[in-house]
J.: 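Could you have a look at this structure, given as structure tokens, before my questions?
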Amino acid sequence: MIVYHYTDLKSGISILQDGFIEVPETIDNNINSAIWFTKQSKYIPSTLNDNKSFDEKIKTVGCMRFVFNNEGELTTWKNFINNLKPQKKDNLKIIMNLDKAGSETSKWFCSLKNISLKELVSIEVFTDKWDWANEDNIQKAIRKAELL
């Protein structure tokens, strides 16, 4: 099953330089950090943790996606939530209501470990469409992003 990790151009370029998608440091002790993926090949605003439309993202900070073939290596959203300690679940009431806001968490998966770029199916950048993330296409996307 193909899944997608969406991010802004600046973060995507950093991932390319590092050679892997890194699990973020835990900001607080309530929720474990993870690398999040979705089965949705179309960008959804909650994917980048805000409510901006895809067009707004492209115009401001650009967008890259990392395509991964999940062969049972990732954890589903449901399993991630179910494996949290009871006191941590209490802090997730808002997150548990994401589906009501249209987030379709049944299509979400996560990794609790870093993922090497060598494991990916492709790395893409949005120019006028999703293109290979080569130097020319990344530069084209950067020129379109007003905040870079």
J.: Do the side chains of Glu73 and Glu119 get nearer than 4.5 Å, heavy atoms only?
T.: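 A side-chain contact exists here, since the closest heavy-atom pair is under 4.5 Å.
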J.: I need the Glu22 CD to Ser11 OG distance, nearest 0.5 Å.
T.: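 Answer for the CD-OG pair, Glu22 versus Ser11, is 11.5 Å.
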J.: Where the side chain of Ser122 meets the backbone of Val67, is there a donor-acceptor pair that is under 3.5 Å apart?
T.: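 Between the backbone of Val67 and the side chain of Ser122 there is no qualifying donor-acceptor contact (under 3.5 Å).
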J.: How far apart are the C-alpha atoms of Lys144 and Asp128, what are their side-chain angles, what is the distance that settles it, and do they pass the side chain to side chain contact (heavy atoms under 4.5 Å, CB included) test?
T.: CA-CA 10 Å; Lys144 288 183 161 207; Asp128 296 323; 2.2 Å; yes
J.: Within the side chain of Thr76, is there an N or O that forms a donor-acceptor pair under 3.5 Å with the backbone of Asn79?
T.: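 Yes; at least one donor-acceptor contact below 3.5 Å.
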J.: Can you check side chain to side chain contact (heavy atoms under 4.5 Å, CB included) on Ser106 and Trp77, steps first, answer last?
T.: CA-CA 7 Å; Ser106 64; Trp77 170 258; over 6 Å; no
J.: Are side-chain N/O atoms of Asp131 and Thr127 paired as donor and acceptor at under 3.5 Å?
T.: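 Yes, side-chain donor-acceptor contact under 3.5 Å.
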J.: Please work out whether the ring planes of Phe80 and Trp36 are parallel, tilted or perpendicular, with thresholds of 30° and 60°.
T.: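 Rings of Phe80 and Trp36: perpendicular, over 60°.
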J.: Apply side chain to side chain contact (heavy atoms under 4.5 Å, CB included) to Met64 and Asp8, showing your working.
T.: CA-CA 6 Å; Met64 287 183 75; Asp8 61 87; over 6 Å; no
J.: Are any of the side-chain heavy atoms of Ile15 and Ile21 separated by less than 4.5 Å?
T.: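 The answer is yes, as the side chains (C-beta and beyond) meet within the 4.5 Å cut-off.
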J.: Between Phe66 and Leu16, is there a side-chain heavy-atom distance shorter than 4.5 Å?
T.: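 Side-chain contact under 4.5 Å: yes.
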J.: Mind running side-chain hydrogen bond (donor to acceptor under 3.5 Å, both in side chains) on Gln40 and Thr38 for me, showing each step along the way?
T.: CA-CA 5 Å; Gln40 297 164 317; Thr38 179; 3.1 Å; yes
J.: Do Leu117 and Leu74 land in one hydrophobic cluster if side-chain heavy atoms of ILVMFWY residues count as linked below 4.5 Å?
T.: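 Yes; tracing contacts between hydrophobic side chains, which count when under 4.5 Å, links both residues.
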J.: With a 4.5 Å heavy-atom cut-off, do Glu56 and Ile58 have their side chains touching?
T.: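 When only atoms from C-beta onward are counted, Ile58 and Glu56 do not touch, as no gap falls below 4.5 Å.
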J.: Just wondering, more than 12 heavy atoms not from Lys10 lying within 6.0 Å of its NZ?
T.: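 Count not over threshold, so no.
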J.: Looking only at non-hydrogen atoms, find the nearest pair between Pro24 and Ala34 and report the distance.
T.: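 Nearest heavy atoms, Pro24 then Ala34: CD-O, 3.6 Å.
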J.: Kindly compute the distance separating SG (Cys110) from CD1 (Ile35), expressed to the nearest 0.5 Å.
T.: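 Reported to 0.5 Å precision, the distance equals 9.0 Å.
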J.: Find the distance between NZ (Lys113) and OG1 (Thr75) and round it off to the nearest 0.5 Å.
T.: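 Rounded to the nearest 0.5 Å, the NZ-OG1 separation comes out at 10.5 Å.
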J.: Are side-chain heavy atoms of Val23 and Leu112 found at a separation under 4.5 Å?
T.: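 Not touching, per the 4.5 Å side-chain cut-off.
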J.: Shortest non-hydrogen contact from Ala141 to Val125?
T.: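 In this case the closest contact between Ala141 and Val125 is CB-CG2, 3.5 Å.
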J.: Do any N or O atoms from the side chain of Asn114 and from the backbone of Phe20 form a donor-acceptor pair under 3.5 angstrom?
T.: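 Such a contact is absent between Asn114 side chain and Phe20 backbone.
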J.: Report yes if the side chains of Ile13 and Ile142 come closer than 4.5 Å at any heavy-atom pair, otherwise no.
T.: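 The answer is yes; the side chains approach within 4.5 Å.
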J.: Quick one: are Ile123 and Trp132 in side-chain contact, heavy atoms under 4.5 Å?
T.: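 No, their side chains stay 4.5 Å or more apart.
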J.: Grab the two heavy atoms, one from Val61 and one from Ala145, that are nearest each other, plus how far apart they are.
T.: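 Looks like C-CB, 3.9 Å.
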J.: Can the ring centres of Phe37 and Tyr4 be said to be less than 6.0 Å apart?
T.: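 Between Tyr4 and Phe37, which both carry aromatic rings, the centre distance is not below 6.0 Å.
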J.: Do Glu71 and Asn69 have side-chain atoms, one donor and one acceptor, less than 3.5 Å apart?
T.: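 Side-chain D/A pair, Glu71 to Asn69: present.
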J.: Within the 4.5 Å heavy-atom criterion, are Asn70 and Phe109 side-chain neighbours or not?
T.: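 When only atoms from C-beta onward are counted, Phe109 and Asn70 do touch, with a gap below 4.5 Å.
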J.: So, Arg65 side chain and Tyr43 main chain: donor-acceptor pair closer than 3.5 Å or not?
T.: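 Pair absent, no side-chain N/O of Arg65 close to backbone of Tyr43.
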